[in-house]
Amino acid sequence: MIFDNFEGFRASGFTPKVILIGSGPAGVTIARKLAGAGIPVAIFEAGKADFTEESQDFYKGKTVGDYYFDLDVTRLRYLGGCSNHWAGWCRVMDAVDFEPKAWVPDTGWPIRRTDIEPYLEEVHDILDLVPFRDDVWISDDIRWVQLIKSPAVRFGEKYRSEIEQSKNIALVLDTYVTRLEGDGTKVTGAHVWSAGKDQGVAVADYYVPCTGGLENSRLLLWSNEQSNGGVVPHAEALGKYWMEHPQFQGGNALMDNPDQFEMDDVSEAFFSPSLEAMQREQIMNFGIRFIKMPYHGAKWLVAELACVAPETAEWVSEGIGGNLRCAAQLVMGWEQAPRADNFVALSATEKDALGIPRIELHWKKSELEHRTLLQGLRLFGKTLAEKDYGRVRIEDWVLNNQPYPDDQELAGHHHMGGTRMGDDLSKSVVDRNQQVHGVANLYVGGSSVFATSGQCNPTTTIVALSCRLGDHLARRISQSAMAQ
């Protein structure tokens, strides 16, 4: 069932056991899991069926620190959420991403990758993926990894017909949950604005914000402020440990035989480090995107190398005698360390049209981020040289630790953390089952629960976690019904 606004939903008499807030990959996935178990669920989507400037205005905010995308550009507020501008890149976080890194504080998850692996076959169906290939080691330090570009599933499009026909899912558009109410042990209701007016309080047995890696923090921060701590009683980490994937072109490579590596259908290949290399270099995980350049790009690179790296230029002239067969751009995307001083806060001065504080995002890259970029490129260059596959030239701004360029990709539009998962109540917001600490009926879906960011695009992991959370909630609700 789909309703254009909350008034139509209320008139229907539909009574949900679970209210999901947000219709992106997390919200829709959890809803489908619950509906499949016969559990009635409502999805409240603040936007409408299609993009509108009026709705998007609610996502405006401010970033303090490093240069970043406008907050109303890096996310979308309508049916399907940010799946509407997802490029489709898919990979599950590595097993090592769930483990603590002894050289980086506050890393590690309370679960392991094995906890989400039972759901990966289901994830492949949801995201229209072919099976992933195994990694291929090209040295002790570097491995070829596969990123799959799916058809970029738009959840509002792919699952709209299924939701329309479902008796257990009510999708309610134009329904903005402005805040949750709570008494310190449970959530007691969700305040709703729809069709241009206050619609009162919606009630269910369970509540699951799935509004994204920025808005989840905003909703819970505002709800907690308005309820005097009644929604998130252990709020020390709320909004904190926010992470992105910085992404920059950090260098170039020359190879005499590009067929050494398997390229995808757009002439790109991807590489990541071993755990031992990360530990030895004291860096985070990273991904190198190897993008083949045209012939004139190779000639330009040789000229540059002759000036700044004569030994490499000599290898070029001796090894390939001017017959340049492959030059590549090296774009690095890497794992950002979880730090409490990267956080989502409520603005003290700016409010949206309903008077709710806008987001003030505090975000800066640290020395560890630069070291990961530089040492990652050096590790890749070392591998190419030792195998005699090619040579790498690192950009001067990377070598000299100069400011990051503001005319490149900047980051991945990957919003992670803020309601992170953990066992330590002072450094996390949800437990290993994504339940808010100390609150019986409040869970959080999406990448805001990520304890660390890993190096890969987050959507595949988001969907796997959402399948897991859907199963957990279905079991809990069924067990509760049997006990009554």
Side-chain angles (χ1 to χ4, degrees), residues 66-69 74 85-91 93-94 135 138 141-149 152 243-255 258 260-273 277-278 281 283-294 296-298 300-301 304-305 326-336 365 368-384 389-414 416 453-460:
D66 285 356
Y67 183 70
Y68 192 59
F69 310 109
T74 191
H85 65 190
W86 178 45
W89 291 111
C90 293
R91 181 175 171 83
M93 288 177 68
D94 295 329
D135 299 345
I138 60 173
D141 291 341
I142 297 292
R143 60 204 161 100
W144 174 94
V145 299
Q146 185 183 35
L147 266 73
I148 298 175
K149 193 168 186 181
M243 300 164 289
E244 245 280 15
H245 288 137
Q247 291 188 180
F248 292 90
Q249 182 182 337
N252 301 89
L254 270 172
M255 294 181 65
Q260 298 283 358
F261 306 137
E262 180 179 341
M263 301 285 176
D264 62 18
D265 57 3
V266 291
S267 297
E268 296 182 357
F270 301 87
F271 304 89
S272 287
M278 285 187 269
E281 302 297 335
I283 60 176
M284 304 297 287
N285 203 351
F286 63 81
I288 287 182
R289 184 178 174 191
F290 182 104
I291 307 171
K292 288 177 67 174
M293 295 167 59
H296 63 81
W300 166 83
L301 184 54
E304 289 285 303
L305 287 169
C326 178
Q329 296 174 326
L330 301 180
V331 176
M332 276 270 289
W334 65 94
E335 176 182 20
Q336 186 171 25
K365 297 180 286 294
L368 177 57
E369 270 78 64
H370 178 265
R371 188 165 79 245
T372 297
L373 170 61
L374 176 59
Q375 296 306 117
L377 290 166
R378 284 174 169 166
L379 282 170
F380 188 66
K382 178 185 175 185
T383 289
L384 292 192
Y389 290 164
R391 298 295 187 271
V392 164
R393 172 186 175 273
I394 300 174
E395 296 284 354
D396 289 344
W397 69 266
V398 179
L399 289 169
N400 299 327
N401 199 13
Q402 295 171 341
Y404 290 87
D406 60 10
D407 60 350
Q408 294 193 23
E409 290 185 56
L410 303 179
H413 297 280
H414 304 157
M416 299 163 285
S453 60
Q455 61 83 16
C456 66
N457 305 56
T459 301
T460 315

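In this structure, the side chains of H370 and Y404 come closer than 4.5 Å at one or more pairs of heavy atoms. Counting only heavy atoms from C-beta outward, the side chains of E335 and D94 never approach each other to under 4.5 Å. In this structure the side chain of L379 reaches within 4.5 angstrom of the side chain of I283, judged on heavy atoms. Between M416 and H245 there is a side-chain heavy-atom pair separated by less than 4.5 Å. Here the side chains of N285 and P273 are in contact, with some heavy-atom distance below 4.5 Å. A 4.5 Å side-chain heavy-atom check between M255 and K292 finds every atom pair outside the cut-off. The side-chain heavy atoms of N252 and E395, taken from C-beta on, include a pair separated by under 4.5 Å. When side chains are defined from C-beta on, F286 does not count as touching M278, because their heavy atoms never get closer than 4.5 Å.
In this structure, the separation between CD1 on I291 and CE on M263 is 10.5 Å, given to the nearest 0.5 Å. Once rounded to the nearest 0.5 Å, the distance linking CD of E268 with CZ of R289 reads 4.0 Å. The CD1 atom of I288 sits 11.5 Å away from the CZ atom of F270 when rounded to the nearest 0.5 Å. Rounded to the nearest 0.5 angstrom, I142 CD1 and F271 CZ are separated by 8.5 Å. Atom-to-atom distance recorded for T372:OG1 and L377:CG is 10.5 Å, nearest 0.5 angstrom. The NE2 atom of H85 sits 6.0 Å away from atom OG1 of T74, with the distance rounded to the nearest 0.5 Å.
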Checklist entry - Passes side chain to side chain contact (heavy atoms under 4.5 Å, CB included), E244 versus S453? Steps please. => result CA-CA 7 Å; E244 245 280 15; S453 60; over 6 Å; no

Next on the checklist: Between R378 and L399, does the side chain to side chain contact (heavy atoms under 4.5 Å, CB included) criterion hold? Intermediate values first, please.
Outcome noted: CA-CA 10 Å; R378 284 174 169 166; L399 289 169; 4.1 Å; yes

Next on the checklist: Please evaluate residues H413 and W86 with respect to the criterion side chain to side chain contact (heavy atoms under 4.5 Å, CB included), reporting the C-alpha separation (whole Å), side-chain torsions for both, the decisive distance (0.1 Å), and the verdict.
Outcome noted: CA-CA 9 Å; H413 297 280; W86 178 45; over 6 Å; no

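What you find for A277 and D141 is that their closest heavy atoms are CB-OD1, 3.7 Å. The two residues V392 and G381 come nearest to each other via the heavy atoms CG2-CA, 3.6 Å. In terms of heavy-atom proximity, K149 sits nearest to A87 at CE-O, 3.0 Å.
Between the side chain of W397 and the backbone N or O of P405, no donor-acceptor pair lies under 3.5 Å. A distance-only check finds a donor-acceptor pair linking the side chain of D66 to the backbone of K365 [under 3.5 Å]. Proximity of a side-chain donor or acceptor of Q408 to a complementary backbone N or O of Q249 within less than 3.5 Å is detected.
In this structure, F248 and W334 have tilted ring planes: the angle between them lies in the 30° to 60° band. Ring-plane geometry between F380 and F261 is classed as tilted, the angle between the planes lying from 30 to 60 degrees on a 0 to 90 degree scale.
Between R91 and D135 there is a salt bridge, since a side-chain N of the basic residue sits under 4.0 Å from a carboxylate O of the acidic one.
Around CZ of F69, the count of heavy atoms belonging to other residues, nucleotides or ligands within 6.0 Å exceeds 12.
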